[in-house]
S.K.: 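Okay, here's the structure, questions in a sec.
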Amino acid sequence: MTHRARKPYIAGNWKMNLDRSRSLDLIKTVKGRLGDGGDREVAFFVPSIYLADVTAVAQGSPLGVGGQNCWFEANGAFTGEVAPRMLREVGADRVLVGHSERRHIFQEPDDWMGRKVRTALDSDLLPIYCIGETLDERKGNKTERVLKRQLESGFEKVLAVDAHRVTVAYEPVWAIGTGETATSEQVATAHRSIRKWIVQRLGEEAAGLIRILYGGSVKPDNAKELMSIDSVDGLLVGGASLQAETFLPIIEYDR
Ligand code: 13P
């Protein structure tokens with residue numbers, strides 16, 4: 001299966017940015033431009049407090065709306081956490097798991113990842129499982145080892161039948177929010193090793209259904225080049241997803 005057999009997936013991660021009214025304006029603008037969505041999948045990952053309002057505005061459009069994190073229990077004494085079914089209840093259809101800011105700022109360990117991905121799937125949410133190495137790990141030639149370790153944990157409870165609902169995002173930590181994008185060569189090498197690992201784990205056919213996105217300083221002027229890399233199925237965009245002027249040209253990278 002070539003990468004264009006998989007539908008391009010362009011996702012915006014707002015992180016802890018925007019306010020309610022700017023969020024809704026952005027959703028309205030992108031929804032208006034998107035029409036029926038055509039040949040690509042577009043989604044926003046939104047602060048959970050705005051999810052109900054954002055999903056109400058996105059309704060009737062092909063725009064996906066997701067949470068930026070979730071816990072792996074259905075309920076209980078977990079102050080400050082959000083259960084996957086709660087995200088579902090306010091209209092989210094997807095969720096980020098293991099974003100580097102969760103791993104590095106909030107110290108989320110590898111051994112939560114498999115349970116988070118599994119609970120998301122069981123709660124009818126489409127997970128994007130985020131992985132990526134730090135600068136020190138890259139300099140120490142540990143990139144492949146780190147990606148493998150992160151894949152082992154996130155895919156711990158993923159079966160071949162789940163594959164069509166799972167996405168992986170390769171986001172090198174040193175490229176996030178720094179303006180420094182990985183080179184095409186670095187992206188291609190990382191994506192190839194990720195796909196190889198998934199093929200070994202789930203088999204060729206199931207692995208062929210899983211999209212692998214790139215994230216890290218994606219901008220309108222590098223989106224086309226990144227999307228031209230054979231192993232890149234989509235983009236996970238932070239800063240440039242906060243404004244229609246920068247996000248729309250990324251969605252329309254090939255126009
Ligand atoms: P930036 O596009 O701001 O580098 O963020 C990338 C990211 O972390 C998306 O999840």
Side-chain angles (χ1 to χ4, degrees), residues 3 8-19 22-23 25-27 29-30 33 40-47 50 66 68-69 96-108 128-147 150 167-194 211-255:
H3 80 303
Y9 185 178
I10 311 294
N13 172 13
W14 291 350
K15 311 189 179 185
M16 200 176 73
N17 291 300
L18 298 179
D19 56 23
R22 283 169 62 209
S23 302
D25 284 349
L26 179 52
I27 293 291
T29 307
V30 174
R33 181 73 158 258
R40 62 208 65 198
E41 184 168 343
V42 179
F44 283 113
F45 291 86
V46 170
Y50 299 145
Q68 298 174 1
N69 185 30
L96 298 180
V97 174
H99 189 276
S100 86
E101 285 141 25
R102 299 302 320 170
R103 293 179 190 265
H104 296 287
I105 302 174
F106 300 100
Q107 312 296 329
E108 289 201 10
I128 295 186
Y129 179 54
C130 306
I131 60 176
E133 81 287 1
T134 63
L135 190 56
D136 277 353
E137 288 163 343
R138 173 161 287 272
K139 284 184 174 160
N141 281 327
K142 294 187 190 137
T143 300
E144 199 169 338
R145 204 183 320 160
V146 169
L147 297 179
Q150 293 172 332
T167 300
V168 173
Y170 169 60
E171 300 201 293
V173 180
W174 48 272
I176 295 178
T178 58
E180 194 177 337
T181 321
T183 64
S184 297
E185 173 86 29
Q186 288 169 326
V187 176
T189 305
H191 278 227
R192 268 198 303 271
S193 82
I194 294 166
R211 287 173 292 188
I212 306 174
L213 317 184
Y214 168 79
S217 298
V218 176
K219 301 281 180 280
D221 61 7
N222 60 22
K224 187 173 182 178
E225 185 184 337
L226 287 162
M227 285 302 290
S228 73
I229 302 169
D230 197 37
S231 51
V232 172
D233 302 309
L235 303 167
L236 181 54
V237 187
S241 74
L242 299 174
Q243 291 180 316
E245 302 82 79
T246 44
F247 195 53
L248 287 172
I250 296 175
I251 297 174
E252 298 168 350
Y253 65 90
D254 55 348
R255 297 200 184 133

S.K.: Does any part of the side chain of Met227, heavy atoms only, come nearer than 4.5 Å to the side chain of Pro8, both counted from C-beta?
M.R.: yes
S.K.: Mind jotting down which residue pairs meet the salt bridge (Lys or Arg N to Asp or Glu O under 4.0 Å) criterion with at least one end in residues 138-147? Sequence neighbours excluded, please.
M.R.: Glu133-Arg138
S.K.: How many angstroms lie between atom CD of Gln243 and atom OG1 of Thr29, to the nearest 0.5 angstrom?
M.R.: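 Going from the CD atom of Gln243 to the OG1 atom of Thr29 covers 11.0 Å.
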S.K.: How long is the straight-line distance from CG of Leu248 back to CG of Leu26, given to the nearest 0.5 Å?
M.R.: 8.0 Å
S.K.: Looking at every non-hydrogen atom in both residues, tell me the closest pair between Tyr253 and Ala223 and how far apart they are.
M.R.: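 The pair with the smallest heavy-atom distance is CB-CB, 4.0 Å.
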S.K.: May I ask you to decide if Gly238's main-chain N or O and Asn13's side chain share a donor-acceptor pair within less than 3.5 Å?
M.R.: no
S.K.: Might you point out which heavy atoms bring Gly12 and Ser241 nearest each other, and give the distance in Å?
M.R.: CA-CB, 3.4 Å
S.K.: Can you tell me how far NZ of Lys219 sits from OG1 of Thr181, rounded to the nearest 0.5 angstrom?
M.R.: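 Between Thr181 OG1 and Lys219 NZ, I get 7.0 Å after rounding to 0.5 Å.
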S.K.: Taking all non-hydrogen atoms of both residues, which atom of His104 and which atom of Gln107 are closest, and how far apart?
M.R.: O-NE2, 3.1 Å
S.K.: With rounding to the nearest 0.5 Å, note down the distance linking CD1 in Ile10 to CZ in Phe247.
M.R.: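 Nearest 0.5 Å value for the CD1-CZ distance: 7.0 Å.
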S.K.: How far apart are the closest heavy atoms of Val237 and Ala240, and which atoms are they?
M.R.: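 Closest heavy-atom pair between Val237 and Ala240: CG1-CB, 3.7 Å.
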S.K.: Does Cys130 offer a backbone N or O that forms a donor-acceptor pair with the side chain of Arg103 under 3.5 Å?
M.R.: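 Looks like yes, one N/O pair under 3.5 Å.
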S.K.: Would you indicate whether the side-chain heavy atoms of Ile128 and Phe45 approach each other to under 4.5 Å?
M.R.: yes
S.K.: Begin from the C-alpha positions of Glu101 and Gln68 and carry the test side chain to side chain contact (heavy atoms under 4.5 Å, CB included) through to its verdict.
M.R.: CA-CA 10 Å; Glu101 285 141 25; Gln68 298 174 1; over 6 Å; no
S.K.: Do His191 and Val232 make a side-chain contact, defined as non-hydrogen atoms from C-beta onward lying under 4.5 Å apart?
M.R.: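 Yes; the side chains approach each other to less than 4.5 Å.
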S.K.: Drop me the distance from Trp174's CH2 to Ser100's OG, to the nearest 0.5 angstrom.
M.R.: 12.5 Å
S.K.: Closer than 3.5 angstrom, by distance alone: can the side chain of Asn222 be matched with the main-chain N or O of Ser217 as a donor-acceptor pair?
M.R.: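 Checking the backbone N and O of Ser217 against the side chain of Asn222, a donor-acceptor pair under 3.5 Å is found.
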S.K.: Hey, what's the ring geometry for Trp14 with Phe44, parallel, tilted or perpendicular (30° and 60° as the breaks)?
M.R.: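 Rings of Trp14 and Phe44: tilted, as their planes differ by 30° to 60°.
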S.K.: Quick check: closest heavy atoms across Pro220 and Pro249, and the distance to 0.1 Å?
M.R.: CB-CB, 4.0 Å
S.K.: Applying side chain to side chain contact (heavy atoms under 4.5 Å, CB included), run through Glu108 and Asn69 and close with a yes or a no.
M.R.: CA-CA 11 Å; Glu108 289 201 10; Asn69 185 30; 3.5 Å; yes
S.K.: Heavy-atom distance under 4.5 Å between the side chains of Leu236 and Leu96, does that happen here?
M.R.: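 Yes, their side chains come closer than 4.5 Å.
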S.K.: Taking only residues two or more places apart in sequence or in another chain, which ones pass salt bridge (Lys or Arg N to Asp or Glu O under 4.0 Å) with Glu41?
M.R.: Arg94, Arg211
S.K.: How many angstroms lie between CD1 in Ile131 and CG in Leu147, if you round to the nearest 0.5 Å?
M.R.: 4.5 Å
S.K.: Apply side chain to side chain donor-acceptor pair (under 3.5 Å) to Arg40 and list each qualifying residue two or more places apart in sequence or on a separate chain.
M.R.: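 Residues passing side chain to side chain donor-acceptor pair (under 3.5 Å) with Arg40: Asp254.
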S.K.: Indicate yes or no for a side-chain donor-acceptor contact from Tyr214 to the backbone of Ala182 under 3.5 Å, with no hydrogens or angles considered.
M.R.: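 Yes; at least one donor-acceptor contact below 3.5 Å.
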S.K.: Within the structure provided, determine whether Thr143 and Thr189 are in side-chain contact (heavy-atom separation under 4.5 Å).
M.R.: no
S.K.: Could you pull out the closest heavy-atom pair between Pro172 and Gly215, with the gap in Å?
M.R.: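 For Pro172 versus Gly215, the nearest heavy atoms are CD-O, 3.4 Å.
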